Each structure stands twice: as structure tokens, then as C-alpha cells.
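Take a look at the structure below.
Below, read A as the first sequence line, B as the second, and so on, with proteins coming before strands; counting in each chain starts at 1. Just the heavy atoms: all of them, side chains too, but no hydrogens, waters or symmetry mates, feed the values below. This structure is a prediction, so every number in the text was calculated from the model and none was measured.
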Protein chains: 2
Amino acid sequence: MSRAVQHPKKRGKLLGIHAVAAKARVSIATVSRTINRVPTVNPQMAKRVWAAIDELGYVPNIQARALGSGRSGVLGLVISEITNPFFPELIQGFEDVALASGYEILVSSTNYDPKRMELCIRRMLERKVEGVAVMTFGIEQPLVEELAERDVPLVFVDAGPQRPGISLIKVNYHHGVRQGVQHLAALGHRRIGFISGPMHLHSARSRAEAFSLSLAECGIKPRAKWMLEGDHTMEGGIRAMEQILDSADRPTAVMCSNDMTALGVLHKAYRVGLRVPDDLSVVGFDDIHMAEVMIPPLTSIRMSRLDLAQAAITALRAHVEGTGPQREYQVDTHLVVRESTGYPPGAMTDLVKNGKAEPARRR
Amino acid sequence: MSRAVQHPKKRGKLLGIHAVAAKARVSIATVSRTINRVPTVNPQMAKRVWAAIDELGYVPNIQARALGSGRSGVLGLVISEITNPFFPELIQGFEDVALASGYEILVSSTNYDPKRMELCIRRMLERKVEGVAVMTFGIEQPLVEELAERDVPLVFVDAGPQRPGISLIKVNYHHGVRQGVQHLAALGHRRIGFISGPMHLHSARSRAEAFSLSLAECGIKPRAKWMLEGDHTMEGGIRAMEQILDSADRPTAVMCSNDMTALGVLHKAYRVGLRVPDDLSVVGFDDIHMAEVMIPPLTSIRMSRLDLAQAAITALRAHVEGTGPQREYQVDTHLVVRESTGYPPGAMTDLVKNGKAEPARRR
DNA sequence: GGGACCTAAGAAAACGCTTTCTGGTCCGCT
DNA sequence: AGCGGACCAGAAAGCGTTTTCTTAGGTCCC
């Protein structure tokens with residue numbers, strides 16, 4: 001008797017690519033080639049194959065594909081915490097541009113927890129991602145080590161080790177922060193506070209430094225007691241604001257290292273009956289979507305999520321696909337003026353009061 | 001000469017599980033068994049294997065695992081849009097409980113876009129997820145069809161087809177909404193508006209119905225002109241609020257189908273100088289984390305993300321692991337009173353004014 | 001002492017693809 | 001006519017695991 005075809009089946013029915021091959025009366029190799037658009041397949045056959053695929057509702061098993069080809073087609077994205085609205089917006093951008101580049105993404109958040117970070121790394125390794133963007137705005141040392149050691153292309157924002165295979169995205173915090181300080185100074189503020197992020201984060205330090213520098217540029221002497229450390233959460237903003245309120249001579253304006261912190265400040269100000277911007281001006285950082293609809297709408301320093309995503313993926317692709325030797329990418333920031341900033345209290349001379357630049361006020 | 005061992009190598013070095021096997025002087029089968037904690041392996045050998053794994057920093061290739069075992073260990077989560085803060089909170093919960101159950105998750109958002117929905121489905125299918133939770137709060141018909149057809153266990157919230165393999169999570173909107181309406185009524189409101197979600201969403205309709213019903217329970221006649229359709233975004237909330245403002249006799253309180261809508265209302269109210277809650281009371285739905293820090297802090301109807309996640313995963317596991325025949329799960333909602341609700345304007349009789357229940361006010 | 005029966009580890013066959021290798025057909029050229 | 005390439009479809013060898021099948025080595029008990 002003739003040797004039966006030795007193919008995987010289930011209840012007599014062929015499975016997966018084999019079923020397609022059988023229906024289109026071609027070999028599985030041809031099916032594979034058709035799907036992957038290898039140009040050498042006979043258009044005639046290709047048509048048959050596509051028809052069969054359609055008819056059977058065939059969806060290739062991506063794991064098998066990855067295994068066979070040695071390419072996972074996945075880029076990793078490591079973020080701090082998904083519940084901070086900045087990150088979902090970043091994820092959205094990242095996904096969009098990854099998709100456009102033919103990649104899928106795998107996002108994992110550290111939640112600032114070493115245990116969770118381990119998990120992030122493991123996930124990336126297990127899934128054989130082709131590169132990972134670390135957008136936690138801090139160098140997570142173990143992350144770097146484990147991944148870099150295994151030659152996974154990496155991209156950091158702000159700071160990271162100088163190794164081959166690792167790219168950097170430099171965010172120009174200074175530009176936006178300077179605009180913010182100048183804006184405040186122009187309104188007449190001289191007593192300006194700053195609530196930073198957790199100081200172990202590189203980005204938080206960078207922002208704080210940009211602030212001090214900008215202050216100096218405007219000829220304002222920085223006061224250490226007005227430099228508070230927050231933690232990039234609303235609660236941190238509230239706590240920092242409490243400290244500010246406790247002090248005898250308060251600043252007339254405060255800048256925050258991110259918008260969540262600013263929301264906390266806004267909230268606390270509301271709680272104690274301080275009007276923003278009449279009694280206190282506040283400016284945020286990131287310009288999350290929600291900033292626009294805050295009460296009052298938040299003046300903030302915008303850092304484009306899309307630019308960030310674009311830069312990250314460009315960097316990763318450069319490594320993966322061996323194009324371009326570029327190592328550093330730039331992302332800019334700029335001020336968006338809304339209504340949480342105004343003249344400092346007591347500055348309402350007639351001269352100024354009738355000025356054209358007065359921001360809209362409640363009622 | 002002796003037949004050389006025919007194993008995959010790269011530059012002479014063994015790869016993956018083979019390297020471990022070689023170093024521990026066992027077969028790859030034993031390594032696999034050790035990793036999977038099959039009880040029959042000699043503890044002695046197991047120790048050698050673990051040592052080798054450690055020394056080599058071996059991380060199993062999860063795709064190969066999935067292929068070999070036929071189990072992906074992944075649960076899908078389909079959401080509407082990641083930039084609505086409700087969803088990140090849900091994702092967080094989902095991930096936590098999935099992890100605890102030994103699953104990974106794959107989240108994908110539809111963005112209300114049919115094209116994107118296609119993509120969601122495809123992703124789930126390609127990745128061979130073992131089940132998917134559709135948390136879009138609407139029945140996405142094509143989703144159901146494609147996935148159900150292929151016997152992927154599904155769980156919907158609120159509504160979904162009654163098929164084997166499909167579970168439902170019933171959210172008791174009425175409980176929370178009734179509390180909300182009663183709260184408003186107790187404060188003296190009789191003119192209460194409602195801004196729904198997009199009416200093609202089942203959940204949006206359910207919430208609207210719960211509202212009408214609750215109104216009736218309180219002996220208040222619903223007015224069609226105060227039933228507005230929003231779209232679960234801040235912008236939708238703003239637009240709906242504009243309609244309310246345009247009308248001659250306005251409601252003194254409005255309930256919203258979600259918190260984002262409520263934020264829009266708050267914003268618009270602020271814009272036109274309406275004080276909340278003095279001039280208008282507003283209550284949200286979902287009770288996102290941010291509601292607590294809104295200005296004023298938002299009275300909202302809480303729907304626990306964790307409960308939702310728990311129910312979804314329990315349902316999925318029941319199908320995957322063949323445990324329990326349960327088909328329906330319950331999740332409750334309840335009112336959280338904060339400061340966006342107060343007496344209706346003009347209700348400030350002395351009697352009431354000195355009442356104990358008056359919520360905190362600004363200043 | 002020797003079969004029956006376990007036990008546990010190794011060999012080998014999947015898993016569902018991709019990709020290299022092979023070989024047949026057809027063409028053009030001398 | 002005969003030969004060398006192109007060209008393209010199919011056969012088969014991976015990819016890195018899991019899992020089934022096999023077999024070597026013990027035990028036990030008569």
C-alpha cells in the first residue's frame with residue numbers, strides 16, 4: 001500500500017497551514033511564501049492560496065512563525081505605572097508608530113517595584129523581544145544589565161549607560177522649563193517654588209536642574225526651601241503643597257515636575273481656599289490631555305508623547321535593522337499657557353491690571 | 001568515527017535548553033521536566049539542572065513552550081481606549097489577578113474603530129489566547145462572531161450572546177445609581193439631568209435606564225430634554241453641558257454615565273462661572289482615582305475595577321480549566337459622596353441651612 | 001534465579017511555521 | 001540536438017520546547 005501522507009490532523013481534518021495547502025492544492029512551502037509575499041510565487045497559485053485562506057478563515061500561529069523565522073516582531077516598552085495618565089498616552093503613541101513599522105508591542109510596568117521589574121525583564125526575555133524602550137525616566141540598573149548583557153537593543157530616555165546597542169533620547173527640558181520660568185517672571189513672579197519628582201530619577205533631577213538654571217537666567221535667586229521633592233503622584237503633590245503652606249513666606253508660583261503633581265497642588269490649594277491663579281500660580285509638566293480641562297486649565301510644559309515614541313522606535317529599528325549609526329535622539333519641550341498662571345497677588349497695579357496679557361479669569 | 005551529536009549550536013556553543021542539558025549532564029527531556037516541576041525527577045539531578053540554569057542565565061523561549069505544549073498561557077483583554085483612566089486601572093487589576101492565576105495578559109484597545117477591532121481580534125487569534133475578556137461595555141458584534149466561532153472562551157460585561165463558552169458579568173448599575181438619585185433627592189433636587197454614554201453601548205443604555213427607574217422610585221418625573229447623549233469623553237461631557245446651559249429651565253443636578261463626562265461637565269461649568277455644587281450638583285460614574293482630587297472632589301458611583309477583573313478571570317478560568325459550570329457573575333456599584341453635590345440653589349432655608357448633613361464647601 | 005513490574009531518564013516525535021535544499025521544466029544559445 | 005542556466009514548486013530540515021515512547025536498571029516475590 002502507498003505510504004499515507006504524514007501530516008498533523010485532528011479528527012481527520014488537516015490543521016493550520018496544511019489545511020490551506022491541501023485546499024489550494026499546493027505545498028505548505030508555497031502557502032508560507034504566499035503569506036510572506038515572496039515575489040517568486042506564481043500569481044495564479046497565490047490567488048488559489050489566498051482564496052483557501054479566506055475560505056478556511058486561516059490565521060497563522062504567530063508563535064510558530066516566530067520560532068521558525070527567529071524573529072518575534074515584538075518591541076518591548078517598559079513604563080513606570082500605567083495609572084499615571086502620561087503613560088497610556090505614551091503607549092498609544094508607541095503602539096501607533098510600532099504598528100506602522102510592522103511591529104507589535106509588549107508593555108510592562110515596573111510600578112517602581114523591584115519585584116515587578118524582574119518580571120518585566122523576564123517577560124521581555126521570554127518573549128524574545130527585538131528591542132526594548134525603557135521609558136521609566138530613570139535608569140533601572142538591573143534592567144540594563146540583564147538586557148544589555150544579552151544584546152537586546154535598548155533605548156533610554158535622558159540617561160543610560162554608554163554601550164553599543166544602547167541609544168539615548170535626550171529630552172530638552174531646559175527649553176520648556178525656561179519658557180515656563182520666563183512666563184512666570186514676566187507676570188511678575190519672583191518667589192517661585194518647584195516640586196520635583198523622586199530625586200533618584202534622572203529625569204526628575206534634570207527637570208529640577210533646568211528649573212534652577214532658568215531661574216538664574218531670569219536673575220532670580222533660587223531658595224532651597226522652595227525646592228520640594230515630590231514623587232510624581234497626586235498625593236506627592238498634595239504633600240509638597242502642604243509643606244509650602246506651612247512655611248511663613250510662601251512662593252507666589254510653583255512649578256511641578258509633572259502634571260499629576262500639579263493636580264495635587266491644585267487640589268490642595270482648593271482645599272485650603274487658595275484661588276489659582278489669583279493667589280497662586282501653578283505650572284505643570286507633560287501636558288497630559290487632562291490638563292486642558294482641569295480647573296483651572298493647567299499651564300503646562302508639553303513633552304510630545306508621539307515624538308518620544310517616534311524617537312524610541314526609530315532608535316530601536318536602527319539597531320534591529322542595522323540602519324543608521326545614530327545613537328542620540330532629541331525631543332523638545334515647550335510651554336503651553338492656560339489659566340493656572342497669572343499675576344502674583346498684590347501685583348495688581350492699575351498699570352498692569354489693564355494690560356493686554358491678563359489671562360482669562362473665572363467669571 | 002563516532003556520529004557527532006546532532007544539536008543546534010552557534011559558534012560551537014549549544015543553545016537554549018541543550019546548553020543546560022549539556023552542562024548538567026542530563027537530557028533535554030530532564031531539563032524540561034525539571035523546569036515544569038514534574039515530580040518524578042531525581043532531586044539530585046534537579047539540583048544539577050537548576051544550578052546549570054542559574055549559571056547560564058537560561059530563560060526558556062516562551063514561544064517554543066507554547067508551541068510544544070499547545071497552551072499559550074495568555075488571556076486577552078479588549079478595552080475601548082487606553083487613554084480613559086478607567087481602563088488603565090482595570091488593566092492593572094486584570095494583570096494582578098491574571099498573574100496570581102499564572103497567566104499573562106494581552107491587552108488591545110478598539111478605540112471605537114472597526115479597523116482597530118479587526119486588529120484586536122487578529123492579535124488574539126494569532127497569539128492563541130486561551131480566553132478573552134471584552135470590557136468595552138458594548139457588544140462588538142464582529143468580535144463575538146470571530147472569536148466565538150473559534151471556540152475561544154469569552155466573557156462580556158453586561159450583555160453578550162447566550163452561547164456555550166460565553167460568560168457574562170452582570171453589573172448592578174441600579175444599586176449605585178439609585179443611591180445617587182436618592183442622595184440628590186434627599187438634598188432637595190427635583191430637576192435632575194442625565195448625560196449618558198453613546199447609546200449603542202449596552203452599558204450606557206443600562207445606566208440610563210437605571211437612572212430613569214431610580215427617578216421614578218423617588219417620585220420624580222423624568223424629563224426627556226434632560227436626558228442627553230454623551231460619548232464617555234470629556235469633550236462629550238462639555239458638549240452635553242452646553243446643551244443644558246442653552247435650555248431655559250436647567251436641571252439643578254446632573255448625573256453622568258462616567259467620570260470623564262463628569263469632568264467635562266465640571267469644566268464647562270467652571271468656564272461659564274457656575275459653581276459646583278452651589279449652582280449645580282454633579283455626580284459621576286466609575287469613581288476613577290482622579291475623581292477624589294477633582295475640583296471639587298467628585299461624588300461618583302463606584303464600580304470596582306478589581307471586582308470586575310476578578311470576575312472576568314474567574315469566568316475565563318472556569319472555561320479554560322473546565323471548573324465550575326457558572327455562567328453569570330455579579331459586580332455591584334455604590335455611591336461615594338464627595339463634594340460635587342449639595343443643596344439645589346434656592347433651597348437654602350434656615351431650616352435646611354443648619355442641617356447636619358451639609359457637605360463641606362469651599363471656604 | 002528469574003520473570004513481572006516499577007521507576008526514571010533518554011530518544012525521538014510532535015508543535016506549526018520558515019527557509020534551505022533539490023529537482024524538474026522550460027528557455028535560449030551554440 | 002544538446003547543454004547550461006533560470007525559475008519555481010515541493011521536500012525536508014530546522015526553530016526550542018513538550019510529551020510520548022522506549023529502554024535500562026532495580027525490586028519484589030515466588
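Comparing C:dC17, D:dA9, C:dA9 by their closest approach to the side chain of B:Asn42 singles out C:dA9. Counting only heavy atoms from C-beta on, A:Val41 has its side chain closest to D:dA9 among D:dC15, D:dA9, C:dC17. Comparing atom distances between the B:Thr30 side chain and each of D:dT18, C:dG10, C:dC17 picks out C:dG10 as nearest. Of the candidate nucleotides D:dT18, C:dG16, D:dA11, D:dA11 has the atom lying nearest to any side-chain atom of A:Ser27. Considering only the side chain of A:Ile17, C:dC17 comes nearest among D:dT17, C:dC17, C:dA9. Comparing C:dA9, D:dT17, D:dG10 against the side chain of B:Ala64 picks out D:dT17 as the nearest. Minimum atom distance to the side chain of B:Ile28 is reached by D:dT18, of the listed D:dT18, D:dG10, C:dG10. Here the side chain of A:Asn36 is nearest to one of C:dA12, C:dC17, C:dT18, namely C:dT18. With distances taken from any side-chain atom of A:Ser69 to the nucleotides C:dT19, D:dT17, C:dG16, the minimum falls on C:dT19. Listed candidates were C:dC17, C:dG10, D:dA9. Nearest to the side chain of A:Arg33 is D:dA9.
If you find the closest nucleotide of DNA chain C to A:Val59 and to B:Pro43, the one lying nearer the 5' end belongs to B:Pro43.
As judged by a 4.0 angstrom heavy-atom cut-off over every strand, A:Ser32 is placed among the base-contacting residues.
The residue from A:Val74, A:Val320, A:Leu316, A:Val152 that alone fulfils the side-chain contact (heavy atoms from CB on, under 4.5 Å) condition with A:Glu130 is A:Val320.
The interatomic distance linking B:Leu125 (CG) with C:dG16 (C1') rounds to 15 Å, in whole Å. One interatomic measurement links the two molecules: CD of B:Gln44 to P of C:dA9, which rounds to 11 Å at whole-angstrom precision. Going from atom CG of B:Asn61 over to atom P of C:dC15 covers 18 Å, rounded to whole Å. When the C1' atom of D:dG16 is taken as reference, atom CZ of A:Arg71 falls 18 Å away, rounded to whole Å. Between A:His18 atom NE2 and C:dA14 atom P the separation is 12 Å, expressed in whole Å. Look at CG on A:Leu67: it is 9 Å from P on D:dT17, rounded to the nearest Å. For the pair B:Arg127 CZ and C:dC17 C1', the interatomic distance rounds to 14 Å; values are reported in whole Å. Spacing between atom CZ of A:Arg65 and atom C1' of D:dT17 amounts to 20 Å, rounded to whole angstrom units.
Counting heavy-atom neighbours within 6.0 Å of B:Glu321 CD, excluding the residue itself, gives a total above 12.
The pair A:Glu104-A:Arg127 does not meet the salt-bridge criterion, since no charged nitrogen lies less than 4.0 angstrom from a carboxylate oxygen.
With contacts defined as side-chain heavy-atom distances shorter than 4.5 Å, the pair B:Val78/B:Met124 qualifies.
Without hydrogens or angle criteria, B:Asn36 side chain to B:Val38 main chain gives no donor-acceptor distance under 3.5 Å.
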